[in-house]
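Right, one structure below, let's go through it.
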Amino acid sequence: LQRKSAAAPIAAESFIDQLTAEQIADRDPALKLPILIDLQTHVWWRAGGIRRMNERADAFLKSLAGARSGIVGKQVKVADMGRVMFIEDMFLRSETDLAFLNSFGMKAAFDGVDLFPPREAALIRSMAPKRVRILGCVDPPDGQSAVDSLTYQCEQLKINGLKLYPPGPDTRGWRMDDEKLTYPLYAVLRKHGIKNVCVHKGFPGSFLEPGCHPEDMTRAAADWPDLNFIAFHSAYPFEAELAEQAKKAKVKNIYAEMGLLAGILRSSPERYAKCMGTLLDGLGPDHILWGTDTPVIGPPHWQVQAFQ
């Protein structure tokens with residue numbers, strides 16, 4: 001781990017051959033192999049760049065570039081964290097078989113355009129259609145505009161799930177169990193047969209802390225039992241709250257995703273072990289999902305190696 005990005009070479013047998021990858025992507029029922037699916041990956045610089053942003057948004061992007069710089073041992077500009085870095089990190093420098101590319105909204109904090117629009121995620125998917133799935137995004141406070149956007153993403157972009165972010169660079173408030181703002185979005189997903197509702201929880205940083213606690217997931221999960229509610233980052237450091245809610249929930253549709261937790265494994269192995277034990281006890285192994293938050297803490301290979 002001290003070698004950071006200079007992790008051990010990846011053995012050829014760690015990669016799945018192209019035919020197998022295509023069978024996986026095509027959901028071949030005859031294929032039953034362990035595969036590595038990364039639920040949280042990003043592109044942080046959209047085509048054409050960003051013309052303007054508010055102070056909180058600027059600090060957010062600088063923190064992402066700073067985090068990667070600290071891992072790889074050299075300065076990284078946020079403008080370098082684009083589609084090329086994504087392809088190299090995920091498919092040339094790791095054992096990842098299938099990557100979920102996350103969109104990012106908060107257009108109010110930037111130049112009136114999503115920081116990383118779903119349509120651009122769909123474009124990158126077209127470059128590697130057997131290896132990439134996409135999560136759409138909307139800003140719930142946008143109301144009917146968000147509903148219309150999500151409908152378009154479901155019908156035209158064929159997204160595989162929705163990614164939501166708590167107030168942060170865009171400080172407008174909303175909740176997962178908000179019947180006025182978020183429930184209409186869940187109805188759109190249900191109508192189009194899309195089950196995954198992913199949300200940033202934990203790791204406040206550039207996000208306002210109240211929205212980073214998972215307490216608003218329980219009622220939403222109960223009211224929408226046919227949807228999966230996935231707390232990204234496992235709500236760390238509030239994972240005990242997430243585990244307690246999952247235990248008490250009448251339905252079993254609350255999940256935890258592990259993005260960024262490798263940073264805790266690296267800096268505090270004991271705290272990481274406690275976190276994993278809490279999640280296993282509260283949610284069970286089938287409700288804990290692998291994710292890395294690439295490219296923020298470097299290519300995912302060292303995270304896979306460290307976890308193994």
Parallel, tilted or perpendicular: which one describes the rings of [X] and [Y], with boundaries at 30° and 60°?
{"X": "Phe238", "Y": "His213", "value": "parallel"}
{"X": "Tyr165", "Y": "Phe104", "value": "tilted"}
{"X": "Phe203", "Y": "His233", "value": "perpendicular"}
{"X": "Trp224", "Y": "Tyr183", "value": "perpendicular"}

Intermediate values then yes/no, salt bridge (Lys or Arg N to Asp or Glu O under 4.0 Å), Lys247 and Asp281: CA-CA 8 Å; Lys247 266 189 169 182; Asp281 179 62; 2.7 Å; yes
Side chain to side chain, [X] and [Y], heavy atoms closer than 4.5 Å:
{"X": "Phe116", "Y": "His42", "result": "no"}
{"X": "Glu88", "Y": "Arg93", "result": "yes"}
{"X": "Asp114", "Y": "Ser103", "result": "no"}
{"X": "Met53", "Y": "Phe60", "result": "no"}
{"X": "Val304", "Y": "Trp290", "result": "yes"}
{"X": "Ile159", "Y": "Leu135", "result": "no"}
{"X": "Phe232", "Y": "Leu39", "result": "yes"}
{"X": "Lys201", "Y": "Leu242", "result": "no"}

Working to the nearest 0.5 Å, report the span between [atom1] of [X] and [atom2] of [Y].
{"X": "Ile50", "Y": "Phe110", "atom1": "CD1", "atom2": "CZ", "answer": "5.5 Å"}
{"X": "Thr218", "Y": "Glu244", "atom1": "OG1", "atom2": "CD", "answer": "9.0 Å"}
{"X": "Gln153", "Y": "Ile194", "atom1": "CD", "atom2": "CD1", "answer": "9.0 Å"}
{"X": "Leu115", "Y": "Asp111", "atom1": "CG", "atom2": "CG", "answer": "9.0 Å"}
{"X": "Thr294", "Y": "Ile297", "atom1": "OG1", "atom2": "CD1", "answer": "7.0 Å"}
{"X": "Ile230", "Y": "Met217", "atom1": "CD1", "atom2": "CE", "answer": "8.5 Å"}

I'd like to know if the side chain of [X] and the backbone of [Y] have a donor-acceptor N/O pair within less than 3.5 Å.
{"X": "Arg133", "Y": "Leu101", "answer": "no"}
{"X": "Arg266", "Y": "Gln303", "answer": "no"}
{"X": "Thr41", "Y": "Phe100", "answer": "yes"}
{"X": "Asp139", "Y": "Pro141", "answer": "no"}
{"X": "Asp177", "Y": "Arg219", "answer": "no"}
{"X": "Thr182", "Y": "Met176", "answer": "yes"}
{"X": "Thr278", "Y": "Lys274", "answer": "yes"}

Test item: side-chain donor near acceptor, Glu239 and Ser234, under 3.5 Å: no
SB check Arg175 Glu215 (cutoff 4.0 Å): yes
Cationic N near anionic O, under 4.0 Å, Asp142 to Arg172: yes
Working for side-chain contact (heavy atoms from CB on, under 4.5 Å), residues Leu185 and Val147: CA-CA 6 Å; Leu185 300 175; Val147 171; 4.0 Å; yes
Full working for side-chain contact (heavy atoms from CB on, under 4.5 Å) between Met106 and Arg56: CA-CA 11 Å; Met106 296 203 173; Arg56 293 184 66 88; over 6 Å; no
From Asp89, Asp80, Asp293, residue fulfilling salt bridge (charged side-chain N to carboxylate O under 4.0 Å, His left out) relative to Arg68: Asp89
Minimum-distance pair of heavy atoms, taken over all atoms of Ala108 and Asp170: CB-OD2, 3.6 Å
Considering all heavy atoms, the nearest Pro300-Asp38 contact: CB-OD2, 4.4 Å
Test log, rule side-chain contact (heavy atoms from CB on, under 4.5 Å), inputs Val197 and Leu164: CA-CA 8 Å; Val197 183; Leu164 298 171; 4.3 Å; yes
Among Met127, Met90, Arg125, the one residue meeting side-chain contact (heavy atoms from CB on, under 4.5 Å) with Val132: Arg125
